[in-house]
Participant: 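Please see the structure below; I have some questions.
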Amino acid sequence: MANPFDSDDSQILEGFLCPLCREDLKTPEKLTIHVEKVHAEEQDVVKSLKDIFSIAKKKIKLNFDETVDLAKAFDTTLKPNYSGGQIDVITDGEQTVGVDCDHFSYLNAIRTPRLERYASETNKLIIRIDKLLKERPTDPVQRKLHDQKTVPWLDGSSVKLCPNCAKSFNFTRRQHHCRLCGTIMCKDCSLFLKYEFALQLANLAQTTEDISKASEEGKQKDEGIRVCDHCLRLLETRKEMQDSRTCRPPITLYYDRIKEIEKEIAPDIPMYSKIIKSLYDGDTIFTLADASALRGKIGHAAEKIDSLSKAILSLPCPQGSREEALKKAVRLACIKMIKEEMLSIPSLPDEQEIKKIRDRRRMETEQRIERERRLALEAHERYGLGATNSTTMSNAENAAFGSAMTTLDNWSAYQSSTATSSDPLVEQINIIKGYIKQARQDLRFEEVATLEMNLRELQGEFYRRHQETKQA
Amino acid sequence: MNVITAIKLYIEKMTNESGPGLKIILMDKETTSIISMAFSQSDMLQREVYLFERIDSARSNERLKHLKCIVFIRPTKMNVSLLADELRSPKYGAYYIYFSNIIPRTDIKLLAESDESESVREVKEVYADFLCVNPNLFSFNIPYCMQSLKWIPEALMRSAQGLTSILLSLKIHPVIRYRAGSVVAETLAKQVYDVISKESSLFDFRSHDNGVPPPLLLILDRRDDPITPLLHQWTYQAMVHELLTINNNRVDLSKVSGISKDLKEVVLSGDQDEFYSGNLYSNFGEIGSRIKSMMDEYQKKAKDQRKVESISDMKNFVETYPQFKKMSGTVSKHVRVIGELSDQTAQRNLLNISELEQDIACRADHSAQLQRVKKLVADEKTAVKDALKLVAIYALRYERHANCDIMGLLQTIEKRGGKASFVPKLIEYAGQHARQGELFSTVRITDAVKFTRNLIKGLKEIENVFTQHTCLLKETLEEVFKGRDLDPMYQVVGSYVPFRRPHQEVVVFMIGGATYEEALAVHQLNVSGYRVILGGTTIHNSDSFINEVAHATIGVQPKHTKSLQQFYSPD
């Protein structure tokens, strides 16, 4: 038998199709926007489209709320209740976090000008380094002249004491100049900027090769560039800031991946419990295979986290250091997380059992429908012919509801004769079915649930219309 | 109004604001206790805080630039200068600084000037500056707060800061009342009031114009009720504290003979231990039967474990394993604690002693009670410290009775090697001259309401001889909630337009330490729909209270106990 949902031109269109121009828009949001933009004149269509979505959403929301409530009730009944009213019940709504007072802007207002001053000073020094290192002569006398030309030296004739250690200058303690700012100091107070470091700062060395070459040169010449304490500190601070910003040891890489996996798996754990619960309730939204697939995914994630945290633990580090403590703590947290959240999920239910529950549930539903029909019939007889229309209507509705609630399989029997593939409703149903399949494959069960609900809405609606036309 | 939640929310805020990543938390001694009362270490691990460090102890120089550092410290001068040092040579990548109370701007300036590598990302005050013991009980861990019956200045400052933080963390802008006539209460009340007026922008929440009376901060003095901390307690939490001492939710069991290694120190935290939170206020008898049922359940499960035969059995067992392990830990812990309590109760003859204690506290019958006290005090089986407490309770009650025989009793105590000097000190500290209100319902004909109430109380059959005493605090609070005129007993600080309706929310603070019996009274009020939080400079048991009295009376010239001078040791 031909699939009733097949369209006339034998080409199947899937997705969120625009009912007016049949363009596939991929998501409901895009579809709404598209219709609003392109078909602005056909406002009523837009409205109806919006309505369908909003109603569907509402219904879905309602259903989920119910399950949440159930879960709550479940929890409270299961939890051991040691004694009534031991914990204070002071609940006036949710307690919110207390007052706080932010001083950051004040701190920043003081810090920024200082930092800017340092920054400009440091930048000046780096520019000087750059100039100093360019074409620096190897001959000491020439070099001195070159240095002095780049940075004007302070006149030392009036300086009798070293400004740093306050010792007097004489034959044995001669004056020296900082090559970066030109100030005077004695030999003991001089510090040296390593060539390697200087090149790095000035960004002259592009590769490590350059640096090693330069440092070799430097070793041949002398210790480096003579600088004062102040200049060296500024440069070192700059270096450290650069380093700490770019500091990303392997542990952080592993750690980030662990967190990524955790984030990814986080919604799956409650979803899994939801699926299990719905299976035990006899719902048909999810199948046992769904649960098993999701369980597999969670287990796989747990394995990955486990191996990543082991990798962290095996990173080399000195014994007794805090790095080691950190690694241990991360591993501990991972183990705890895996044990308490990922491995404690309930096991898969038995297939037979689920089938039994489902059968029972279907029986109950059928019985209920039967009962309602009987009641309706009785009412019909009691009130006579006057009420004929309304009762048959409600009857039909009941039946439709029932069919939607039972299984999807007996659905196809209904419309085989009447359904016309040009019906947008049928198309929508087809599309949604496709989506459900896709979502299942990708283990996006939140979506599956939403779509299933959507599908049932549509099917119910379709059946109702179908009944109406039949009556007409 | 839940003080544990208040602290938790603050800590969550701190850990959230620094974003994802590996974190370390840097604390001082006090903030370490503050956090440990609300969160366990594994809770902190869950919030990505993997290392814990104290700012005020020797620290390694190891640099871990890939860590974010949350700093949570009290705003003391010492801490600020240590933090400034840290910022000058930062060990971590970024700093998120939180002070637990109001910090002067000059200190922020110092930090700004020290932060040369621009590693501070956040500077905030969060008002988590108190230890949350129970949802309705907080403490500042000040073991003694007075000397020569005056505030120790540091203790006063800490109390004022702590109270400010309580108010801010719960967003309360209260009316402040203090016990009229108590100088310490008045001083503290005024300090808190000054802070509120000075920091009016912080206290700018909720206007009470829609007929809801403002919350009340009631500052009381322990000296009005010296009896409660001396009585032996029979509810679980109070009893553990009395016999084993709870220190920041931890109980030291290392002195108990034959204790296993992992139970040397046990953590009793209502937040992490369901059994404990369910039985804080249960009395000893109830708890015995509950632990038994818990044991049965545990044994049943343990037996299941042995019966594991098929694979499905094993699976079942493994799946319930986390709960099982948790439960087994809880069971063995509480069995141990309760076992120790019951051993001590039997050894020290506490049932008999407690019965007499309660009798003296609740009923006036001098001659009969004196006979019983004499007998118990002389009895070698009664521990000296229990005998001393008994004499102290007797002395408080019959201090001015014509046939009062404190002298004779103290001689017996001294003969047995007890610290007899405590009793005169206690009377100097909280004798009838110092007390206000009616600690021992001495019936006055003028007060008809009280007279009849006492009469009815006397006629009612006493339900439990060991718990018949109700603390003064309960009566005080009942009066507050009934909307009695508070002015004569509890003066208001600042201007206050009287309100027609009684207060609905009350924060009570006890200078000189609160007790778990009072926490129970507050709990009972909360259960019946009122909203009360209790706090104290510390939480006392009888030992710590004796210590508090000893400190408070250092340098006090005996005025009211001249007849007992022979016992007044010069320490």
Side-chain angles (χ1 to χ4, degrees), chain A residues 79-83 85-92 95-104 106-112 114-115 118 237-238 240-241 243-245 247-249 251-252 255-256 259 263 318 321-323 325-330 332-333 336-337 339-340 343-347, chain B residues 1-2 5-6 9-10 12-13 20-22 42 45-46 50-51 60 62 64-67 90 93 102-103 105 108-109 111-113 115-120 122-127 135-136 168-171 202 205 270 274-275 277-282 286 290 315 319 322 523 526-527 531:
Chain A
K79 265 196 185 142
N81 203 355
Y82 285 117
S83 65
Q86 289 273 328
I87 287 302
D88 283 5
V89 269
I90 328 176
T91 42
D92 48 331
Q95 187 172 336
T96 53
V97 65
V99 186
D100 62 77
C101 178
D102 200 340
H103 290 294
F104 188 68
Y106 179 68
L107 176 110
N108 226 0
I110 296 173
R111 185 175 67 177
T112 313
R114 283 176 63 92
L115 287 175
Y118 281 133
T237 313
R238 164 68 60 95
E240 194 176 315
M241 271 169 77
D243 284 357
S244 70
R245 272 191 200 145
C247 175
R248 290 200 62 71
I251 183 170
T252 54
Y255 183 74
D256 288 350
K259 284 289 144 184
K263 206 170 150 196
S321 65
R322 285 185 315 155
E323 180 81 40
L326 174 73
K327 287 181 340 188
K328 279 185 182 155
V330 173
L332 191 73
K336 204 169 141 38
M337 152 93 189
K339 227 162 76 182
E340 288 186 4
L343 294 186
S344 63
I345 53 175
S347 60
Chain B
M1 296 234 297
N2 178 331
T5 313
L9 287 169
Y10 271 138
E12 266 161 27
K13 180 190 170 75
L22 294 158
S42 56
L45 288 182
Q46 244 176 24
Y50 295 102
L51 290 176
S60 85
E62 199 183 331
L64 296 164
K65 285 284 182 186
H66 50 290
L67 253 62
I102 298 165
I103 181 156
R105 286 210 137 194
I108 303 279
K109 198 166 161 243
L111 293 180
E113 286 164 0
D115 183 24
E116 281 163 13
S117 53
E118 206 174 353
S119 37
V120 175
E122 198 81 72
V123 186
K124 269 191 186 151
E125 289 168 8
V126 295
Y127 305 96
N136 59 12
L168 286 169
S169 67
L170 298 171
K171 296 187 187 152
L202 285 178
F205 25 72
E274 217 171 318
F275 181 84
S277 72
N279 291 291
L280 285 180
Y281 306 116
S282 309
E286 286 165 1
R290 267 196 208 117
K315 254 193 191 159
E319 257 135 31
H523 165 73
N526 283 333
V527 165
R531 282 140 55 81

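The chains referred to below are lettered A, B, ... by the order of the sequence lines, with proteins before strands, and numbering in each begins at 1.
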Participant: With chain A, which of Val126(B), Asp115(B), Leu202(B) has the greatest number of heavy-atom pairs at distances under 4.5 Å?
Facilitator: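 Winner by heavy-atom pair count: Asp115(B).
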Participant: Between Gly21(B), Ala112(B), Ser169(B), who has the most heavy-atom pairs with chain A when the cutoff is under 4.5 Å?
Facilitator: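 Looking at each option in turn, the highest pair count goes to Ala112(B).
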Participant: If you define the side chain from C-beta out and look only at heavy atoms, does anything of Phe104(A) sit under 4.5 Å from Lys124(B)?
Facilitator: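 The answer is no; the side chains never approach within 4.5 Å.
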Participant: Considering only heavy atoms and a distance below 4.5 Å, find which of Glu62(B), Glu122(B), Lys109(B) pairs most often with chain A.
Facilitator: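 Ranked by contacts with chain A, first place is Glu62(B).
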Participant: Could you give me the CA-CA distance, side-chain angles and deciding distance for Arg322(A) and Leu67(B), then say whether side-chain contact (heavy atoms from CB on, under 4.5 Å) is met?
Facilitator: CA-CA 11 Å; Arg322(A) 285 185 315 155; Leu67(B) 253 62; over 6 Å; no
Participant: Pick whichever of Pro249(A), Pro318(A), Ala325(A) has the most heavy-atom pairs under 4.5 Å with chain B.
Facilitator: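 The residue among Pro249(A), Pro318(A), Ala325(A) with the greatest pair count is Pro249(A).
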Participant: Could you go step by step and tell me if Glu125(B) and Val99(A) meet the side-chain contact (heavy atoms from CB on, under 4.5 Å) rule?
Facilitator: CA-CA 9 Å; Glu125(B) 289 168 8; Val99(A) 186; over 6 Å; no
Participant: Mind checking whether Glu323(A) and Leu51(B) have side chains closer than 4.5 Å, heavy atoms only?
Facilitator: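 No, too far: nothing below the 4.5 Å cut-off.
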Participant: Just do the side-chain contact (heavy atoms from CB on, under 4.5 Å) check on Lys336(A) and Leu45(B) with the steps written out, would you?
Facilitator: CA-CA 9 Å; Lys336(A) 204 169 141 38; Leu45(B) 288 182; 5.5 Å; no
Participant: Using a cut-off of under 4.5 Å on heavy-atom pairs, state which of Thr252(A), Asp102(A), Ile110(A) scores highest against chain B.
Facilitator: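 Answer, by heavy-atom pair count under 4.5 Å with chain B: Asp102(A).
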Participant: Quick check on Pro20(B) against chain A: is it the side chain, the backbone, both or neither that has a heavy atom closer than 4.5 Å?
Facilitator: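 Contact with chain A is absent: no heavy atom of Pro20(B) under 4.5 Å.
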Participant: Find the distance between CE (Met241(A)) and CD (Glu116(B)) and round it off to the nearest 0.5 Å.
Facilitator: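 Taking CE in Met241(A) and CD in Glu116(B), the distance rounds to 10.0 Å.
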Participant: Report the option among Met337(A), Lys327(A), Lys328(A), Lys259(A) that has the most heavy-atom pairs separated by less than 4.5 Å from atoms of chain B.
Facilitator: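 Between Met337(A), Lys327(A), Lys328(A), Lys259(A), the count favours Lys259(A).
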Participant: Please rank Ile251(A), Leu332(A), Val330(A), Thr237(A) by heavy-atom pairs under 4.5 Å with chain B and give me the top one.
Facilitator: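 Most heavy-atom pairs within the cutoff with chain B belong to Val330(A).
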Participant: Any side-chain heavy atom of Thr96(A) sitting closer than 4.5 Å to one from Leu9(B)?
Facilitator: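 A side-chain contact under 4.5 Å is absent here.
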Participant: Say you draw a straight line from CD1 of Ile108(B) to CG of Leu107(A); how long is it, rounded to the nearest 0.5 Å?
Facilitator: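 The distance works out to 6.5 Å.
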